[in-house]
Amino acid sequence: KAGVTQTPRYLIKTRGQQVTLSCSPISGHRSVSWYQQTPGQGLQFLFEYFSETQRNKGNFPGRFSGRQFSNSRSEMNVSTLELGDSALYLCASSGNPGNADTQYFGPGTRLTVL
Amino acid sequence: GNSVTQMEGPVTLSEEAFLTINCTYTATGYPSLFWYVQYPGEGLQLLLKATKADDKGSNKGFEATYRKETTSFHLEKGSVQVSDSAVYFCALSEGGKLSFGAGTTVTVRA
């Protein structure tokens, strides 16, 4: 089974621009979560989607948004980029959004904002 | 709210040494507990998990036991190898949302 794939792997943007990141979950998985990883703040939960609906949202400003398509693929969008948005963005998929379900992570997208 | 506290690193060990990384948690309900590992330049890989009190997770020689009475999930390995050098994250899942510890960098020297 193919793992979680994320595209692109690396991105360089400038302040004020917007960016869209993509995540394809493991085949058959319907839950997709997004996390931001930075040296200062560590790993922080952004949001989770299940069956095209946002189930959970972390404590991030409205510039961060996401969506999920009927094939379970997910995108996240960051508008009006700031320098502090530079991070590794990780996507994780699981079969169902339960406590006990393991989330499997993709390799991440490294976003650099200049 | 939920939170995870894990031992600060970095930790440097010699091959075949014993490794333990402490992890304690605060949760409102009955979370599942996980250890993830991150190798340089890669995403997170699940190392092991436990879904209820007294469960023991194990994988690749690593073990951790879900202790509800001490709200802990300490990671142990009896004999580490150079290939175990990585960053280790303790995490809890409640409502499908993972909360992570700060990560512990482990370096194993030959």
Side-chain angles (χ1 to χ4, degrees), chain A residues 2-7 9-10 21 23-26 29-51 53-60 66 68 87-110, chain B residues 1-10 21 23 25 27-59 64 66 68 73 86-105:
Chain A
V4 178
T5 58
Q6 292 187 245
T7 56
R9 292 293 310 277
Y10 302 92
L21 313 181
C23 171
S24 292
I26 291 171
H29 283 189
R30 296 190 298 158
S31 176
V32 174
S33 297
W34 289 89
Y35 296 83
Q36 182 197 63
Q37 185 177 24
T38 59
Q41 299 298 315
L43 280 151
Q44 294 185 285
F45 172 78
L46 279 155
F47 28 65
E48 179 200 7
Y49 287 87
F50 178 71
S51 292
T53 302
Q54 188 180 86
R55 280 189 75 246
N56 267 317
K57 189 175 190 306
N59 191 24
F60 278 82
Q68 186 180 35
L88 181 66
Y89 289 89
L90 293 165
C91 164
S93 79
S94 65
N96 290 292
N99 280 7
D101 259 44
T102 299
Q103 294 187 29
Y104 295 92
F105 284 80
T109 294
R110 173 77 61 186
Chain B
N2 298 335
S3 67
V4 176
T5 303
Q6 67 180 96
M7 193 173 88
E8 297 264 342
I21 304 176
C23 170
Y25 67 90
T28 52
Y30 301 95
S32 293
L33 300 174
F34 301 81
W35 277 99
Y36 281 89
V37 59
Q38 187 173 36
Y39 298 100
E42 298 184 13
L44 299 175
Q45 295 178 26
L46 175 70
L47 185 57
L48 52 84
K49 75 176 192 181
T51 58
K52 60 184 188 299
D54 300 325
D55 267 2
K56 178 189 276 190
S58 60
N59 186 28
Y66 189 145
K68 193 163 181 289
F73 193 55
V87 182
Y88 293 81
F89 292 93
C90 184
L92 70 82
S93 174
E94 195 156 32
K97 171 186 160 183
L98 283 170
S99 298
F100 288 91
T104 302
T105 300

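Chain letters run A, B, ... following the sequence lines, proteins first and then strands; every chain starts at 1.
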Chain B contact via A/R55 - side chain, backbone, both or neither, heavy atoms under 4.5 Å: side chain

Contact summary for A/F105 and B/L44, nearest pair of heavy atoms: CB-O, 3.3 Å

Heavy-atom contact with chain A under 4.5 Å, split by part of B/L46: side chain

From B/E42 atom CD to A/L88 atom CG, the distance as rounded to the nearest 0.5 Å: 11.5 Å

Region of B/Q38 in contact with chain A, defined by heavy-atom distances below 4.5 Å: side chain

Atom pair CG/CZ of B/L98 and A/F45 - distance to nearest 0.5 Å: 8.5 Å

Contacting moiety of A/Y35, where chain B heavy atoms sit under 4.5 Å: side chain

Segment of A/E48 engaging chain B (4.5 angstrom heavy-atom cut-off): side chain

Non-hydrogen atoms of B/K97 and A/N56 that approach each other most closely: CB-ND2, 4.2 Å

Flag if over 12 foreign heavy atoms under 6.0 Å of CD, A/Q54: yes

Contacts of B/K52 that satisfy salt bridge (Lys or Arg N to Asp or Glu O under 4.0 Å) - sequence neighbours left out: B/D55

Contacting region of A/Q37 [heavy-atom separation from chain B under 4.5 Å]: side chain

